[in-house]
Amino acid sequence: MAHGERELPWDQDNHPGSPELSEQLNPTPSGPTSTSPTPSGPTASGPTTTATLDDRYGRTPGRTRRTRTIAVAAAAAIVVVFGAWVIWAGPGQTSHGLDTEDVGYEILSAHKAVVHSQVSVDPGTKAECAVQVLDKSYTIVGWKTVSLPAATERTRTISTEVNTTTRGVTGLIHTCWVP
């Protein structure tokens with residue numbers, strides 16, 4: 001470098017493998033009095049360097065125990081939540097084979113419609129269904145709850161007459177349930 005020129009940061013070669021930095025960190029003894037060779041390079045790192053790196057990057061025994069404890073607690077929480085869900089949604093929540101199918105509808109007048117449906121439920125099981133009639137903007141204009149007594153057949157066809165507030169354009173089963 002010429003006299004009077006300023007050294008810029010990118011002109012400096014002081015990254016971890018550079019000779020300038022290595023000489024500063026590992027000074028070599030000068031002169032002929034040194035009889036033991038000074039190790040350099042990757043073999044020079046001993047337990048002290050490893051401990052320093054572990055401290056620097058957070059690999060301490062305390063942190064490892066803390067991480068393991070948090071992982072075990074999170075796994076236990078997941079198991080507890082899953083177990084609660086299994087109990088909540090478990091065997092007591094059967095559908096009794098309940099299934100519905102809309103067959104059709106008839107608009108009888110501006111204030112009356114008939115909805116034709118098929119309801120399948122396990123034999124001997126009572127069911128209730130909510131039947132609705134909608135207008136052209138999908139607003140509910142008629143609603144009726146129908147009770148189906150227990151029967152020996154699985155599938156039944158029902159026709160439900162529903163009174164409406166205005167003219168309906170479609171009719172269907174909204175939902176069915178076992179009381």
Side-chain angles (χ1 to χ4, degrees), residues 1 6-30 33-103 117-132 134 137-140 143-148 150-151 153-156 170-179:
M1 182 179 301
R6 211 170 72 174
E7 186 174 357
L8 298 173
W10 50 83
D11 291 334
Q12 298 174 357
D13 191 20
N14 59 0
H15 56 0
S18 70
E20 291 84 10
L21 190 59
S22 296
E23 289 171 7
Q24 293 169 5
L25 293 177
N26 299 322
T28 58
S30 60
T33 58
S34 172
T35 56
S36 65
T38 304
S40 62
T43 58
S45 62
T48 310
T49 306
T50 304
T52 304
L53 289 174
D54 286 347
D55 286 343
R56 179 183 298 165
Y57 295 110
R59 296 182 300 227
T60 61
R63 185 174 182 108
T64 303
R65 276 192 301 271
R66 184 175 37 243
T67 302
R68 189 177 304 132
T69 302
I70 290 171
V72 167
I78 290 170
V79 167
V80 167
V81 169
F82 180 73
W85 177 79
V86 166
I87 291 170
W88 174 76
Q93 301 293 328
T94 63
S95 67
H96 299 281
L98 188 59
D99 189 30
T100 64
E101 184 176 341
D102 296 318
V103 177
S117 309
Q118 276 190 341
V119 178
S120 299
V121 67
D122 290 341
T125 305
K126 294 190 281 186
E128 291 187 8
C129 295
V131 180
Q132 64 184 14
L134 307 175
S137 63
Y138 301 104
T139 303
I140 299 172
W143 180 278
K144 187 172 187 179
T145 302
V146 180
S147 294
L148 302 173
E153 309 90 35
R154 174 161 170 65
T155 302
R156 298 178 252 188
T170 188
L172 57 127
I173 289 186
H174 176 68
T175 187
C176 286
W177 61 92
V178 175

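The residues of the chain are indexed from 1 along the displayed sequence. Hydrogens, waters and symmetry mates play no part in the numbers below; they use all other heavy atoms, side chains included.
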Student: Can you name the closest pair of heavy atoms from P179 and A127 and give their distance?
Tutor: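 So the two residues come closest at CD-CA, 3.9 Å.
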Student: How far does CD of E101 sit from CG of L172, to the nearest 0.5 angstrom?
Tutor: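 So the CD of E101 and the CG of L172 are separated by 13.0 Å.
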Student: Heavy atoms, side chains only, cut-off 4.5 Å: are Q132 and I173 in contact?
Tutor: no
Student: So I140 and L134, do their side chains get closer than 4.5 Å, heavy atoms only?
Tutor: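 Answer yes - side chains close enough.
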Student: May I ask you to test the T125-L148 pair for a side-chain heavy-atom distance under 4.5 Å?
Tutor: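 Of all side-chain heavy-atom pairs linking L148 with T125, none is under 4.5 Å.
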Student: Determine, step by step, whether V121 and R156 satisfy the side chain to side chain contact (heavy atoms under 4.5 Å, CB included) criterion, reporting the C-alpha distance in whole Å, the side-chain angles of both residues, the deciding distance to 0.1 Å, and the verdict.
Tutor: CA-CA 9 Å; V121 67; R156 298 178 252 188; 3.4 Å; yes
Student: Are the side chain of D102 and the backbone of G171 linked by a donor-acceptor contact shorter than 3.5 Å?
Tutor: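 Not confirmed, D102 side chain does not pair with G171 backbone.
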Student: Decide yes or no for T145 and E128: does some side-chain heavy atom of the first lie under 4.5 Å from some side-chain heavy atom of the second?
Tutor: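 The answer is yes; the side chains approach within 4.5 Å.
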Student: Kindly give the heavy-atom pair with the smallest separation between S120 and T155, and that separation in Å.
Tutor: OG-OG1, 2.8 Å
Student: Donor-acceptor pairs under 3.5 Å, side chain of residues 65-75 to any protein atom, not counting sequence neighbours: which ones?
Tutor:
{"unit_1": "T67", "atom_1": "OG1", "unit_2": "R63", "atom_2": "O", "d": "2.8"}
{"unit_1": "T69", "atom_1": "OG1", "unit_2": "R65", "atom_2": "O", "d": "2.9"}

Student: Can you give me the closest heavy-atom contact between K126 and V178, atom names plus distance?
Tutor: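 Scanning both residues, the minimum pair turns out to be O-CG1, 3.7 Å.
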Student: Minimum heavy-atom separation for V119 to C129, with atom names?
Tutor: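 Where V119 meets C129 most closely, the heavy atoms are CG2-SG, 4.0 Å.
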Student: For W177, enumerate each residue passing the ring-ring contact (aromatic ring centres under 6.0 Å, His included) test, keeping only those at least two apart in sequence or located in another chain.
Tutor: none
